[in-house]
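The analysis underlying the following values was restricted to heavy atoms, covering all of them including side chains, and did not include hydrogens, waters or symmetry mates. This structure is a prediction, so every number in the text was calculated from the model and none was measured. Residue numbering restarts at 1 for every chain, and letters A, B, ... go by the order of the sequence lines.
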Amino acid sequence: MAATEQATYIGAPVPRREDRKLLTGQGSYIDNLTLPGMLWMALVRSPYAHARIVGVDVAAAAGAPGVVAAYSGHDLAGEWGGSLPCAWPVTEDIEMPPHWPLAQDTARYEGDAVAVVVADSRAAAVDAAELIQVEWEELPAVTDVARALDEGAPLVHDNLPSNKCYVWPLEGGDVAKAFAEAEVTVSERYRQQRLIPCAIEPRGVLAQSLSATGELTLWSATQVPHILRVTLSGVLGVPEAKLRVIAPDVGGGFGSKLNVYAEEALALALSRRLGRPIKWIEERTEGFQATIHGRDVIQEIELAATKEGRITGVRVRLTAAMGAYLQLVTPGIPLLGAWIYSGAYDIPAYGFECTGVFTHTTPTDAYRGAGRPEATYAIERAVDALARAVGKDPVEVRRLNFIKEFPHTIASGLTIDSGDYDATLDRVLELAGYETLRADQAARRERGDVKQLGIGLSTYNEMCGLAPSRILGAIRYAAGGWDAATIRCLPTGTVQVLTGTSPHGQGHETAWSQIVADRLGCTPEEVEVLHGDTASVPLGMDTYGSRSLAVGGVALYFAADKVIEKARKIVAHQIEVSEDDLEYAAGKFKVKGSDEGMSVKEAALAAWTAHNLPDGMEPGLEETAVYDPPNFSWPAGAHLAVVEVDSETGDTRLIRYVAVDDVGNVVNPTIVDGQVHGGITQGVAQALYEEAVYDDDGTLLTGNLTSYLVPTAAELPSYELDREVSASPTNPMGVKGVGETGTIASVAATMNAVIDALSPYGITDLDMPATPERVWRAIEEAK
Amino acid sequence: MIPAAFDYEVADSVEHAVELLGSREDAKLLAGGHSLLPLLKLRVVRPSLLVDVGRLTELSYIRDDGDTITVGALTRHHDLATDALAREHAPLLSAAAAQIGDPQVRHRGTIGGSVSHGDPASDLPAVLLALDAELLVVGPGSERFVPAADFFKGVFTTAVGPQEMLTAIRVPKHGDAGTAYLKFRRRSQDWATVGVAVVTRNGGGAIALTNMGATPLRARAAEAALADGPAAAGAAAAEGTSPADDVAASAEFRKHLARVLTRRALEQALAG
């Protein structure tokens, strides 16, 4: 904080102002919205992973009660100005097959939409969708990422020579030398299973077209209204200025709503074609098939080290499933992890290569952590493997390799801003009672208890706060990484904030009001935060990648600077002193050494009346700042998981979880704790519970919340949290991102605990999730 | 998740419900709705008529009938789990009910609905089998008690005919028997991967398994081996079973779980 201001609200656990509205049913989710004359849309989806669409007969559906229209993919081909977008062509020679909102000749995954029906009620639309006759010719499919490049594997796009999408390399330091001279090497292969995001609110859209003006409005349950406007104007072939996108209250995204979906384009096109508003709400089972999935990567990681356990090189090879098509940022997701496979460790040589492959599956894309949980998982499991190889405690090997001084440029080429990795590790061991835990574990092993203990560490770091625009440009991302904020001081003393971030559960209205209240000397209640409507907030890059505070929040800070600067000029003019004679604190300008002065609120009124402003000054007190971060933000921390394994049934339960995070300065500790709790749970879910399973034909066997096991509070302990603070030197608030840290850390901590519990059997690897059956089989085989 | 269209009638008596069931070949009874509604929403079932028996409050009771406890078909799982009479005289039934689903399910779901549904993964059927319960089935002008051993016919199939309704369940008071219901599940609200109900008395006992075949099963080999102790009985628990092989667990793992859970349940029951 600047020395001139008091931190009254920043850092305080201000209750979330969003909650009263949402908890009392006064929120406005897509499903709460209704427009006069509105129609409902329902889709027909492929029951096959791969099939030729021989014919689509919509006649029976079109004639059904309440139905207004029904279309095949070919019927609507003329609506599109372009394919659904992929904004991240990661290499020059990447294969980017077209992706139409409705498949026309071939369905490429179970759930690929092939026809649409529009009716005057949701029930009529769903009933009529059953009447659409599709003649299929089923084709062979490949759903396993590890088999996509096999000789003779069925092609996802038969105009391409293979299922290869791209190969993307990165190298820093002399990797070959590091491995040639290594005293010890570790070579591991890990499987990041496929995950299904399962936000509580399903996706939904409402589209309205006004033929008189050509204006199109889209309400969507999205994280990215601004990106939608830019991209959908191209898909629909309309001027960007004619398209308005609104994200109302949105019930969770986790990356799954960071996308441009077929249903958004379809609703707009059908509204334009039929002249009536079109609504669609995703069914939960549709969400399992037609909303993006996460992960699905095979990882091979090798460490070169000395016999003491000092790591000298890391080499990584990934095979990453794209799914059937490239969604908005599908190819780039593994690359968000590419920079940090060396983890929190000072490793001079680094080699990385990722091969993206198509499979007959739902497209993958950003899912909480997006590339970084995978990276942390690989390096943290490999470091444990190294500890076993050199006969040391995992704590000792970590300390030996930690980066100690900051800023620190890592071998992948990026510079870590700040941190104190020993401090978070010290604190987590103290809080957890590490020695006591190890003694308990030893005693259980000694007694041969049925329930064995496992202790796992993850000393992670990560890069977030996406992102410096120049770096995004260098890695071929199609947009910038800046964000914008406007502060509008109203004449009667309250303040409107317009933010380019688009919250969907993060509590930006609360946190942004805290920032403005401290900077302008008002209360948070006097600050109204507007977001998620491209008509009222034209500038923005939305919410994902733990960017909102570290980019959008910092933009808000700079907008406050501009407001204070203009207010200072007004005050100096009105009380006839030099600007230099004014000192500013807590919303008040005072003439140095006296009580004479004016508040920001008084300056706002003076700016509005414009009766007495400096010559040439524009009336009004409203300022916008656009902030492009010069670096990522680099949270870090140490997490410790304790699991109990029933050695007879394989049942594996998380019984304690201790997390010490360093996310820089904190604006609202309650919100940060909530992010950490939820983030940890999402990672534990990957380690122990969740897995999308396809059968050999490409049918999703885990197609609902009964078979896809999202854990609940009943399965999990309450987590023990603490924080260290290394302020980021990158921005004046010293803040970093926090939205993904929990997930990035906890997958590795939990699986390291599982492996630790099983280590007396000689078990050193287990696929995720560590289901009871997998654990039981591993024990049986080890016996 | 929009069901196909159906008609809806509210029954004001058991006789009325049976009469309504007779009015359509594909009519279905609706009680707590916790098995039926998901199937309707997935369009797995498409009855043309739903007969709502949810307002027949006279079927919600737990009654002391001397040597037996009688439970009305519309008794909610939560009531069974917390009722003092049930806990004293039918603790196995009560303990199993407490493990069903989550609090919302237990407050809406009914014993009659759950048992009539005939899902092999449901908890109460195995319990009723182990207890030698009798189930009262009412049809047009008929009323009969069906022993639990004859009630469960297959997956989603029971002895309740298309124009019949289960109205009550009678279980012997447990007396000094040791009992236990153990259920293996990944999440607390999940159906049983495998469940085991045991009733031990005078060195012998009844053992019934959940989700080890198309219906709940008596583990006869385990019962025969019980004289040699829980470990021997546990080792024999999977004999004669044919569990599903699915995404939740392989058949082999289910058999393993049945062995471990049977041993543990017996140990728990014998420990009192």
Side-chain angles (χ1 to χ4, degrees), chain A residues 40 42 65-66 119 121-130 202 281-287 450 646-653 685 688-695 699-716 769-777 779-780, chain B residues 1-6 34-35 37-44 46 99 101-106 119 121 182-196 230-231 234-235 237 243-265 267:
Chain A
W40 283 83
S121 75
R122 189 176 186 186
V126 173
D127 284 347
E130 291 187 333
I281 299 290
E282 180 184 73
E283 297 188 1
R284 182 59 73 179
T285 43
E286 277 186 297
V450 170
D646 183 324
S647 55
E648 289 184 334
T649 64
D651 197 22
T652 300
R653 301 278 165 177
L688 299 183
Y689 292 97
E690 298 181 9
E691 179 175 25
V693 181
Y694 286 98
D695 70 10
T699 301
L700 184 64
L701 298 179
T702 51
N704 58 50
L705 289 166
T706 301
S707 49
Y708 185 83
L709 306 184
V710 178
T712 70
E715 280 70 62
L716 300 164
T771 63
E773 181 158 0
R774 279 202 178 107
V775 172
W776 169 69
R777 284 188 188 284
I779 293 173
E780 288 299 301
Chain B
M1 308 292 270
I2 306 290
F6 55 81
H34 274 59
S35 300
L37 289 185
L39 295 177
L40 286 172
K41 287 175 151 196
L42 291 166
R43 300 194 169 204
V44 170
R46 298 166 178 250
Q99 295 184 50
D102 56 32
Q104 282 174 300
V105 171
R106 292 196 290 274
D119 186 335
L182 290 191
K183 173 182 184 179
F184 190 88
R185 55 194 159 170
R186 301 288 303 285
R187 300 175 300 182
S188 59
Q189 85 262 30
D190 285 335
W191 272 282
T193 310
V194 173
V196 180
D245 207 351
D246 59 30
V247 72
S250 69
E252 186 190 358
F253 185 53
R254 282 199 167 93
K255 288 185 175 186
H256 169 72
L257 288 176
R259 294 184 195 107
V260 175
L261 263 59
T262 298
R263 191 200 75 222
R264 289 181 179 179
E267 286 169 351

Query raised in the report: Of all residues at least two apart in sequence or in a different chain, which pass the side chain to side chain donor-acceptor pair (under 3.5 Å) check with A/Arg777?
Result: A/Glu773, B/Ser250, B/Glu252
Query raised in the report: Does B/His34 use its side chain to pair, donor to acceptor, with the backbone of B/Arg106 at less than 3.5 Å?
Result: no
Report summary line: Okay, A/Leu688 and chain B: the region with an atom under 4.5 Å from a heavy atom over there is backbone
Requested in this report: Under 4.5 Å, counting heavy-atom pairs only, tell me which of A/Asp651, A/Leu701, A/Thr702 racks up the most with chain B.
Outcome: A/Asp651
Report summary line: The interface call for A/Glu130 against chain B, heavy-atom contacts under 4.5 Å, is side chain
Query raised in the report: If you count heavy-atom pairs under 4.5 Å with chain B, which of A/Asp646, A/Thr285, A/Ile281 comes out on top?
Result: A/Asp646
Query - Per-residue contact mode, B/Arg254 against chain A (heavy atom under 4.5 angstrom) - result: neither
Query - Per-residue contact mode, A/Thr771 against chain B (heavy atom under 4.5 angstrom) - result: both
**Report entry** Partner residues of A/Asn704 under the side chain to side chain donor-acceptor pair (under 3.5 Å) criterion, sequence neighbours left out
**Finding:** A/Ser707
Requested in this report: Give, as side chain, backbone, both or neither, the part of B/Arg43 having an atom under 4.5 angstrom from any heavy atom of chain A.
Outcome: side chain
Query raised in the report: Under 4.5 Å between any side-chain heavy atoms of B/Asp102 and A/Thr712, yes or no?
Result: no
Query - Any side-chain heavy-atom pair of A/Thr706 and B/Trp191 under 4.5 Å - result: yes
Query raised in the report: Around atom CD of A/Glu780, are there more than 12 heavy atoms of other residues, nucleotides or ligands at under 6.0 Å?
Result: yes
**Report entry** Region of A/Val693 in contact with chain B, defined by heavy-atom distances below 4.5 Å
**Finding:** side chain
Report task. Tell me, for A/Leu705 versus chain B, whether the close heavy atoms (under 4.5 Å) come from the side chain, the backbone, both or neither. Result -> backbone
Requested in this report: Go through the atoms of A/Pro772 and report whether side chain, backbone, both or neither lie under 4.5 Å from a heavy atom of chain B.
Outcome: both
Query raised in the report: Between atom CE of B/Met1 and atom CD of A/Glu282, what is the distance when rounded to the nearest 0.5 Å?
Result: 11.5 Å
Report summary line: So, the part of A/Thr649 with a heavy atom under 4.5 Å from chain B: the answer is both
Query raised in the report: Would one find more than 12 heavy atoms of other residues, nucleotides or ligands at under 6.0 Å from atom CH2 of A/Trp40?
Result: yes
